[in-house]
Amino acid sequence: MRSFPVKLPSGIRYWTVIDDNLRTVPVADAYLRYVRFGRDDAESTTKSYAGAVALYLTWCGLAHLDWRTAADRLGTFILWLRHTPSECGRPGASVVLAGPGADAARGPRRINAVLAAVRGFLTFAVDQGEAPRDALRQLYELADSRSLPAEARGEDGAWRLRMRARHRVQVAKSRPDRASDQEAVALLRACRSARDRLLVLVLCRAGLRRSEAVGLRREDIHFLPDSSGLGCDFPGSHLHVVRRDNVNGAWAKSRHSRTVPVDRLVVQAHDQYVLERAGVPDAAGSDFVFVNLFRPPVGAPMKPGAVNDLFVALRGRAGVDRRVPPHALRHAFASNVLDAGGALDEVQDLLGHASIGSTQVYAHPAPERLRQAVERVPSPRLRADGKDAQ
């Protein structure tokens, strides 16, 4: 079993699961089409889900289990995921499983992502009559709302029952890293083109995701003091993040469009890029903002993976020792807005988060801000005789 990309005549793509005879697995294909078209999720989501479902079906085949009733054995599946490389189970594969003390093949986060996709697949199969309803009891247990964060309990704080997944791997809590201002400046100075400088600035000064950046169209750029002539009443220079099916695979995560104000640094970088792009005739016909200028196919929109490649090159030229992915600049943007006095709900709107709980993950107070918070605490008052007040 393995995942496989499918391109429809309309040009829309999704991922499915095929068996060793290169035939699609019908129920898996139906589930993945539902994810892509019924829920309007991204192609990348179906890619991740297809890989997870393929792993589950592979494990069932190796363990001689019926996938419809194997939900009660997910604990064994977790163990298999932790220690079995992805190549195991493929035709002609010769894999020796890791013994005690060896590094795990998959980490807790990846295992939980696989389990989430498998739960969705089996729940869909139950709903379609492809699997028995008893499978749901093996997947979920009843729990109460007291274990939820306060923000998720509802305004009335009432006690409620909910379904909780039975199988989940504990993940050590760690705060996602942000790029420092020094690293952002170093990456910016390492850019060799106006296009790359604009891309870095859009990530670190507007907080866009990499797919949102390379999915921008020219019509989304409103770098004018007054955009009312364009039918937009948002004041000042700004850009619009809109979800679309793009030929380069770029996909805005949120279904809701958002407007992001930009400063003069981004506007100036865009002006320089427009001049640079005007010198490449093959790029004139593309409606995408970020296009290939220096390698074929010239004029084609940049792909999200190309942004990762660019950052690897920038980090090497800048002499940055640690890994700084594009998303670290989004964290830096959110933290800088908060450090400058911005409110959490303002950052939520700028980042396009549906839940403010997601925004809190992006809050990385600068060390100076933490120091100032401690120093604002008043010292104990002293008595006249020099002893501490009781």
Under a 3.5 Å distance rule, please check whether [X] uses its side chain to pair with a backbone N or O of [Y] as donor and acceptor.
{"X": "Arg210", "Y": "Asn308", "result": "no"}
{"X": "Ser237", "Y": "Val262", "result": "no"}
{"X": "Tyr56", "Y": "Trp67", "result": "yes"}
{"X": "Glu276", "Y": "Arg195", "result": "yes"}
{"X": "Asp226", "Y": "Ser228", "result": "yes"}
{"X": "Asn248", "Y": "Met302", "result": "yes"}
{"X": "Ser227", "Y": "Leu230", "result": "no"}
{"X": "Thr46", "Y": "Glu43", "result": "yes"}
{"X": "Asn336", "Y": "Ala332", "result": "yes"}
{"X": "Arg106", "Y": "Ile78", "result": "no"}

Single-linkage hydrophobic cluster, 4.5 Å side-chain cutoff, [X] and [Y] together:
{"X": "Trp59", "Y": "Val169", "result": "yes"}
{"X": "Val307", "Y": "Phe294", "result": "yes"}
{"X": "Val247", "Y": "Leu216", "result": "yes"}
{"X": "Phe311", "Y": "Val320", "result": "yes"}
{"X": "Val274", "Y": "Val280", "result": "no"}

Can you list the other members of the hydrophobic cluster that holds Phe4, where links are side-chain heavy atoms under 4.5 angstrom apart?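 Besides Phe4, the cluster holds Ile18, Leu22.
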
What is the distance from atom [atom1] of [X] to atom [atom2] of [Y], rounded to the nearest 0.5 Å?
{"X": "Thr24", "Y": "Asp19", "atom1": "OG1", "atom2": "CG", "result": "8.0 Å"}
{"X": "Met1", "Y": "Cys60", "atom1": "CE", "atom2": "SG", "result": "9.0 Å"}
{"X": "Leu81", "Y": "Asn112", "atom1": "CG", "atom2": "CG", "result": "10.0 Å"}
{"X": "Leu198", "Y": "Ile221", "atom1": "CG", "atom2": "CD1", "result": "7.5 Å"}
{"X": "Leu329", "Y": "Glu183", "atom1": "CG", "atom2": "CD", "result": "9.0 Å"}
{"X": "Asp196", "Y": "Phe290", "atom1": "CG", "atom2": "CZ", "result": "9.0 Å"}

More than 12 non-hydrogen atoms from neighbouring residues, nucleotides or ligands closer than 6.0 Å to [atom1] on [X], yes or no?
{"X": "Arg277", "atom1": "CZ", "result": "yes"}
{"X": "Arg168", "atom1": "CZ", "result": "no"}
{"X": "Arg192", "atom1": "CZ", "result": "no"}
{"X": "Arg39", "atom1": "CZ", "result": "yes"}
{"X": "Asp66", "atom1": "CG", "result": "yes"}
{"X": "Gln170", "atom1": "CD", "result": "no"}
{"X": "Arg323", "atom1": "CZ", "result": "no"}
{"X": "Arg322", "atom1": "CZ", "result": "yes"}

Pair Asp220, Val241 - check side chain to side chain contact (heavy atoms under 4.5 Å, CB included), show working. CA-CA 7 Å; Asp220 301 329; Val241 178; over 6 Å; no

Determine, for Asp134 against Arg68, whether the closest basic-nitrogen to carboxylate-oxygen distance falls under 4.0 angstrom.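 Looking at Arg68 together with Asp134, the answer is no, because their closest N to O distance does not fall below 4.0 Å.
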
What are the two closest heavy atoms between [X] and [Y], and how far apart are they?
{"X": "Val17", "Y": "Ala50", "answer": "CG2-O, 3.5 Å"}
{"X": "Gly51", "Y": "Ser3", "answer": "N-CB, 3.9 Å"}
{"X": "Val260", "Y": "Ala206", "answer": "CG1-O, 3.5 Å"}
{"X": "Leu62", "Y": "Trp80", "answer": "CD1-CZ2, 4.0 Å"}
{"X": "Ala71", "Y": "His167", "answer": "O-CE1, 3.9 Å"}
{"X": "Ala250", "Y": "Ser211", "answer": "CB-O, 3.3 Å"}

Between [Y] and [X], is there a side-chain heavy-atom distance shorter than 4.5 Å?
{"X": "Leu74", "Y": "Gln138", "answer": "no"}
{"X": "Arg209", "Y": "Arg330", "answer": "yes"}
{"X": "Arg73", "Y": "Leu65", "answer": "yes"}
{"X": "Asp271", "Y": "Leu275", "answer": "no"}
{"X": "Val6", "Y": "Arg33", "answer": "no"}
{"X": "Trp15", "Y": "Pro5", "answer": "yes"}
{"X": "Leu314", "Y": "Arg189", "answer": "no"}
{"X": "Asp40", "Y": "Arg255", "answer": "yes"}

Plane angle bin for Tyr49 and Tyr31 - parallel if under 30°, tilted between 30 and 60°, otherwise perpendicular: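 Rings of Tyr31 and Tyr49: parallel, under 30°.
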
Would you please classify the geometry between the His238 ring and the His222 ring as parallel, tilted or perpendicular, with 30° and 60° separating the classes?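 Ring orientation of His222 relative to His238: perpendicular.
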
Looking at Trp251, does the NZ or CZ of Arg36 lie under 6.0 angstrom from its six-membered ring centre and within 45 degrees of the ring axis?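 Output yes; distance and angle both within limits.
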
Would you verify whether the NZ or CZ of Arg217 falls within 45 degrees of the ring axis of Phe288 while also being under 6.0 Å from that six-membered ring's centre?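 Cation-pi check for Arg217 and Phe288: passes.
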
Audit row: Val266, Phe223, side chain to side chain contact (heavy atoms under 4.5 Å, CB included) steps and yes/no: CA-CA 9 Å; Val266 177; Phe223 291 174; 3.9 Å; yes

Step-by-step side chain to side chain donor-acceptor pair (under 3.5 Å) determination, Tyr14 to Asp29: CA-CA 10 Å; Tyr14 76 101; Asp29 184 69; 2.8 Å; yes

Kindly determine whether Asn246 and Val214 satisfy side chain to side chain contact (heavy atoms under 4.5 Å, CB included), including the steps that lead there. CA-CA 10 Å; Asn246 294 311; Val214 296; over 6 Å; no

Check step by step if side chain to side chain contact (heavy atoms under 4.5 Å, CB included) holds for Leu338 and Val347. CA-CA 7 Å; Leu338 291 171; Val347 178; 3.7 Å; yes

